[in-house]
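Step one of this worksheet: look at the structure below.
As a basis for the values below, the full set of heavy atoms in this structure was taken, side chains included, without hydrogen atoms, waters or symmetry mates. The shown structure was predicted, so the numbers you read here are calculated from the model rather than taken from an experiment.
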Protein chains: 2
Amino acid sequence: MSTGVPEGYDPHAFPPFAVTVDLAVFTVRDAALHVLLVERGQEPFRGGWALPGGFVLPRESADEAARRELAEETGLGPDAVDSLHLEQLRTYTEPDRDPRMRVVSVAYAALLPDLPEPRGGGDAASAKWWDAGVTGPLAFDHDRILTDARDRIGAKLEYTCLATEFCPPEFTLGELQQVYETVWGVELDRPNFRRKVLSAPGFVEPVDGPPRRTGGRGKPAALHRAGGATALHPPLLRPQPTDAPLSRPEGRTPWPSPPEG
Amino acid sequence: MSTGVPEGYDPHAFPPFAVTVDLAVFTVRDAALHVLLVERGQEPFRGGWALPGGFVLPRESADEAARRELAEETGLGPDAVDSLHLEQLRTYTEPDRDPRMRVVSVAYAALLPDLPEPRGGGDAASAKWWDAGVTGPLAFDHDRILTDARDRIGAKLEYTCLATEFCPPEFTLGELQQVYETVWGVELDRPNFRRKVLSAPGFVEPVDGPPRRTGGRGKPAALHRAGGATALHPPLLRPQPTDAPLSRPEGRTPWPSPPEG
DNA sequence: GCAATAGTGTCTCTCAGACACTATCGG
DNA sequence: CCGATAGTGTCTGAGAGACACTATTGC
């Protein structure tokens, strides 16, 4: 952009770009990562499933568009939508990613606690939570967006306190551990997880109210809420998958995707 | 985008979005992080400095546009530009970020070794390397983009092998350490740095050719080249800035920006 | 000789993984 | 009693920080 508008550039001269947002809205439900999908009511991909999203309006930013769409699709109140964590993932710009016209899409990820039955409001009549591991082929390049979103969230759990976004305002350490285990697809040692979480300054803080509550049977657990910290130092690293010998690979693997704010 | 084009949507109906790329091109020179800036030849911000960049053409992706612009601004050959690491940072979409029209910009970071005198080719007659720490106010929102880019690169050095992108094809461990020290703005212990780098599988590998070379005086150093790995496990964590007591802050700090591929 | 850089070795402290053990609930 | 979940304590091995020491160059 620094070189300015080309000489004689006319905004209406060539087919314009449309700009959209696509949302990967995640929640942890029944020990599985779930993502919110909507059924398409028109071509292309009519009857197929896609990530919720929509056009960025002429006078709003992509962030505002994402929150507006999120409110429409989930039926959450404006306050709830304003306060939750929206993470811009990356922007998808392949010229043919939408067969109708040139569309670049800014992708976002959002993390929600498992709500009683969130969606409802929007124009997309049929929105549904899907197990993020078993979604069929999605419309457009949404499979790739979804994969990128999962990778990003998983990476970000390592060095941020983001996991609490999946939890209700008050939660047990068991529930927090469940978030990590679900997103990473691994089992963690409970004593070590507790030690790590409790020693991280500002990650969680105890709630002194009735120190009890549980899902089924077993000893009631103490409640916690998110602390003031957002970064996690030192990070809570994912266990190394030791299936491969971890030797030097021949070709370069793709560069890892770290988190972004 | 999943909800489709609005009823009666006409691509030419409302003022279209222009899509640009902006590039934060970094190199390490004289123990300081440098960034490539171009002087603007027209309004707005005429005579001011800005990140290089330009419009995404109707039939190219943002990645292709970024590589094309990079080749134009630096004078690097197409092969060199094709092979280097380009990292999409994020997309800036504030409605008024460009006073002329609605422009969304996809920002990229690129890492180059310190070249003999890289720039030259492009339409921007005056491109210059600036110390990234002392750039004045830049055009548009480029100060923010530059800050975000520095943060991202710094974070990504921790858990990727990206630092070798700042180095020539063959380099000494001292030069590699200089990259970390420059980007992070800290001093590292040489023996510990060596141990860490050499024990990370696939980070660097020795070059058996003439095992010598140095910048000034002192013992000649063995040469290395980048290994096949891209991820760094376990990560090479930045030393904790112990200036603040690292207590729990009152309000939430912004979410950290991890790397993205 | 000295300064400067490269490279080796070692000690210690922290922390993560593993795991044994106790506590409190529903049945 | 049992099973299930919560919570505590301890041992150990890997690794980071600190730092002493040697090696090889230019001057």
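Shown for residues 176-190 of chain A: residues whose heavy atoms fall under 4.0 angstrom of DNA chain C, namely A/Asp189.
For the atom pair A/Phe26 CZ and A/Arg150 CZ, the distance stands at 7.0 Å (nearest 0.5 Å). In this structure, the separation between CG on A/Asp143 and CG on A/Leu138 is 4.0 Å, given to the nearest 0.5 Å. Note that the CG atom of B/Leu70 and the CG atom of B/Leu112 stand 6.0 Å from one another [nearest 0.5 Å]. Interatomic distance, B/Thr160 OG1 to B/His85 NE2, rounded to the nearest 0.5 Å: 7.0 Å. For the atom pair CD of B/Gln88 and OH of A/Tyr92, the computed distance is 8.0 Å after rounding to the nearest 0.5 Å. The structure places CG of B/Leu236 at 7.5 Å from CG of B/Leu188, a figure rounded to the nearest 0.5 Å.
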Using the 3.5 Å cut-off, write out each protein N or O paired with an N or O of nucleotides 12-15 of chain C and the distance between them.
none

N/O to N/O distances under 3.5 Å, protein versus nucleotides 22-25 of chain D:
from   : atom 1 : to       : atom 2 : distance (Å)
D/dT24 : O2     : B/Lys219 : N      : 3.4
D/dT25 : OP1    : B/Arg212 : NH2    : 2.7
D/dT25 : O2     : B/Gly218 : N      : 3.3

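When rounded to the nearest whole Å, the span between CG of B/Leu237 and P of D/dG17 equals 8 Å. Nucleotide C/dA18 holds its C1' atom 17 Å from the CZ atom of A/Phe193, rounded to whole Å. Computed from coordinates, the A/Leu198 CG to C/dA16 C1' distance equals 15 Å when rounded to whole Å. Taking atom CG of residue A/Asn192 and atom P of nucleotide D/dT8, one finds them 14 Å apart after rounding to whole Å. The interatomic distance linking B/Arg194 (CZ) with D/dC19 (P) rounds to 20 Å, in whole Å.
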**OP:** Kindly indicate, with the supporting measurements, whether the criterion side chain to side chain contact (heavy atoms under 4.5 Å, CB included) is fulfilled by B/Phe171 and B/His224.
**Re:** CA-CA 5 Å; B/Phe171 53 86; B/His224 297 260; 4.2 Å; yes
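Out of D/dA6, C/dA20, D/dA18, the shortest distance to the side chain of A/Ala221 is found at D/dA6.
Within the structure, every pair that satisfies the salt bridge (charged side-chain N to carboxylate O under 4.0 Å, His left out) test and touches residues 174-188 of chain B, not counting sequence neighbours, is listed here: B/Glu175-B/Arg213.
Counting heavy atoms from C-beta on, the side chains of A/Lys128 and A/Trp49 come closer than 4.5 Å.
With sequence neighbours left out, the ring pair (Phe, Tyr, Trp, His ring centres under 6.0 Å) criterion links A/Tyr180 to A/Trp184, A/Phe193. With sequence neighbours excluded, the residues that form a salt bridge (Lys or Arg N to Asp or Glu O under 4.0 Å) with B/Arg225 are B/Glu205.
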